[in-house]
2 protein chains.
Amino acid sequence: MSAAQTRQHIVEAADRLFYERGFEATSFADIAVEVKLSRGNFYYHFKTKDEILGAVISVRLEKTREMLNVWAAEGREPGERIRSFIQMLIMNRAKIMLYGCPVGTLCSELAKLDHVAKDDAGKLFTLFRDWLASQFSALGRKKDADNLAMHILMRSQGVASLATVFRDEAFIRREVDDMTAWLEAQRPAN
Amino acid sequence: MSAAQTRQHIVEAADRLFYERGFEATSFADIAVEVKLSRGNFYYHFKTKDEILGAVISVRLEKTREMLNVWAAEGREPGERIRSFIQMLIMNRAKIMLYGCPVGTLCSELAKLDHVAKDDAGKLFTLFRDWLASQFSALGRKKDADNLAMHILMRSQGVASLATVFRDEAFIRREVDDMTAWLEAQRPAN
DNA sequence: GTCTATACGAAGATAGAC
DNA sequence: GTCTATCTTCGTATAGAC
């Protein structure tokens with residue numbers, strides 16, 4: 001196994017465990033077991049836990065950029081692209097009901113830990129925010145595009161949060177419909 | 001110092017630290033330092049960390065019930081009472097921007113830990129949910145009162161989440177105004 | 001590049017003196 | 001009811017053999 005491959009496996013396992021169990025609650029041993037590596041070898045690839053976190057955030061940023069590019073390419077108009085964002089709540093509903101939003105819960109945990117990487121994790125939100133704002137601009141809402149982006153981000157976070165507490169899929173679907181209706185109402189009058 | 005007093009001090013300190021640092025990240029030693037107790041003595045009052053968590057949730061449930069009773073007594077009509085809930089975001093904005101919503105972040109952490117007390121923590125949300133639903137019923141929206149309650153709970157969670165990430169007080173105020181306007185629009189036509 | 005062995009400190013928890 | 005001392009386990013991290 002090449003070092004690059006092993007490293008990638010470590011980051012993938014860490015990414016999943018940080019999401020499902022939380023950053024603090026995930027130990028080196030947990031990740032090592034997952035990747036079928038000895039703890040000793042583990043340190044060949046990553047010196048500290050913060051280093052793994054940095055790599056995980058880095059990978060998440062890259063995957064998010066790719067996803068936003070796909071949505072931009074596939075959507076024929078801004079409204080359709082924003083709906084791709086909204087639909088994430090449906091697509092990932094099973095995991096969201098168990099572990100919440102991967103971005104929101106990580107940022108929340110790092111904020112409490114006052115962790116050095118908390119601002120880096122926040123960049124994940126900034127990616128969505130800027131992309132959504134540019135879609136609202138294209139929709140003809142240039143002046144308040146950022147406010148609208150923050151509003152829809154806010155809703156997705158709120159839905160994820162309550163979906164985890166109440167394990168209620170009908171609630172998710174209801175709020176997704178409501179967000180979609182809200183989105184339609186944001187199109188400027190011709 | 002009586003045992004009851006000491007116990008209360010422990011729970012108060014734990015409550016604050018669990019909120020500010022998270023449950024996992026808070027150690028017995030952290031709480032003991034805060035209360036100026038030796039770790040040994042600490043175990044006279046609480047045998048396990050989960051026991052402290054149980055006491056903290058218990059106290060929070062009681063304080064929440066009291067707060068809701070005050071809002072119900074002070075508000076002259078349901079709309080005013082619901083606005084008391086919305087205004088929490090403004091009242092607690094400084095702490096929310098640092099640590100998020102105390103209820104939402106605790107539930108999120110316990111969900112990831114798959115902690116035995118996760119459902120008890122969820123009861124905090126249920127208190128707000130039921131209270132809000134009864135206010136929407138009184139407002140004349142009996143049929144969809146629970147959906148409206150969940151919607152406004154969702155918004156408050158979303159606002160708290162993004163407020164922590166972006167440390168943006170203007171965003172909080174904007175969304176509070178938007179929630180208040182939304183609330184006015186929910187009054188059934190006469 | 002992977003392993004075993006091990007050091008070291010932090011955290012949860014207990015025993016027993018005062 | 002509070003203390004010190006101690007035990008154990010776990011988590012981070014290192015050294016060095018293969």
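Since the structure is predicted, the reported quantities are computational estimates derived from the model, not experimental observations. A, B, ... follow the sequence lines: proteins, then strands. Residue 1 opens every chain.
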Q | Parallel, tilted or perpendicular: rings of B/Trp71 and B/Phe85 (30°, 60°) | A |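 The rings of B/Phe85 and B/Trp71 stand perpendicular, inter-plane angle above 60°.
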For atom [atom1] of [X] and atom [atom2] of [N], their distance in whole Å:
| X | N | atom1 | atom2 | answer |
| --- | --- | --- | --- | --- |
| B/Phe46 | C/dT14 | CZ | C1' | 18 Å |
| A/Gln5 | C/dT2 | CD | C1' | 15 Å |
| B/His45 | C/dT14 | NE2 | C1' | 16 Å |
| B/Glu24 | C/dA11 | CD | P | 12 Å |
| A/Arg39 | C/dA7 | CZ | C1' | 12 Å |
| A/Glu51 | D/dG11 | CD | P | 20 Å |
| A/Arg7 | C/dT2 | CZ | P | 13 Å |
| A/Lys47 | D/dT12 | NZ | P | 15 Å |

Q) In terms of side-chain heavy atoms of B/Lys49, which of D/dA13, C/dG12, C/dT2 is nearest? A)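 Side chain of B/Lys49 sits closest to C/dG12.
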Q: Would you indicate which nucleotide in C/dG12, D/dT2, D/dA13 comes nearest to any side-chain atom of B/Ser27?
A: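 For the B/Ser27 side chain, the nearest candidate turns out to be C/dG12.
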(Q) Before you tell me yes or no, could you show the steps for B/Phe28 and B/Tyr43 under ring-ring contact (aromatic ring centres under 6.0 Å, His included), namely the whole-Å CA-CA distance, both residues' side-chain angles and the distance that decides it to 0.1 Å? (A) CA-CA 9 Å; B/Phe28 275 38; B/Tyr43 282 87; 5.0 Å; yes
Q) Is A/Arg141 reaching over with its side chain to a backbone N or O of A/Gln186, donor-acceptor style, under 3.5 angstrom? A)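 Yes, the answer is positive, given that a donor and an acceptor are paired below the 3.5 Å cut-off.
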Q. Distance-only, no hydrogens or angles: does the A/Lys112 side chain make a donor-acceptor pair with backbone N or O of B/Tyr19 under 3.5 Å?
A.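 Checked: pair present.
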Q) Using a cut-off of less than 4.0 Å, is there contact between a side-chain N or O of A/Thr6 and OP1 or OP2 of C/dG1? A)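 Looking at the OP1 and OP2 atoms of C/dG1, neither is under 4.0 Å from any side-chain N or O of A/Thr6.
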Q | Contact under 4.0 Å: B/Tyr44 side-chain N or O vs D/dT2 OP1/OP2 | A |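 Negative; the distance criterion is not met.
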Classify [X] by what it touches in the nucleic acid, base, sugar-phosphate, or nothing, heavy-atom distance under 4.0 Å.
| X | answer |
| --- | --- |
| B/Tyr43 | base |
| B/Ser38 | base |
| A/Phe28 | sugar-phosphate |

Q) Taking the nucleotide of DNA chain D with the closest heavy atom to each, which residue, A/Asn41 or A/Phe23, is nearer the 5' end? A)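 The residue closer to the strand's 5' end, by nearest nucleotide, is A/Phe23.
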Q. Honestly, is B/Arg129 close enough over A/Phe166, meaning NZ or CZ under 6.0 Å from the six-membered ring centre and within 45° of the axis?
A.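 B/Arg129 over A/Phe166 ring: yes.
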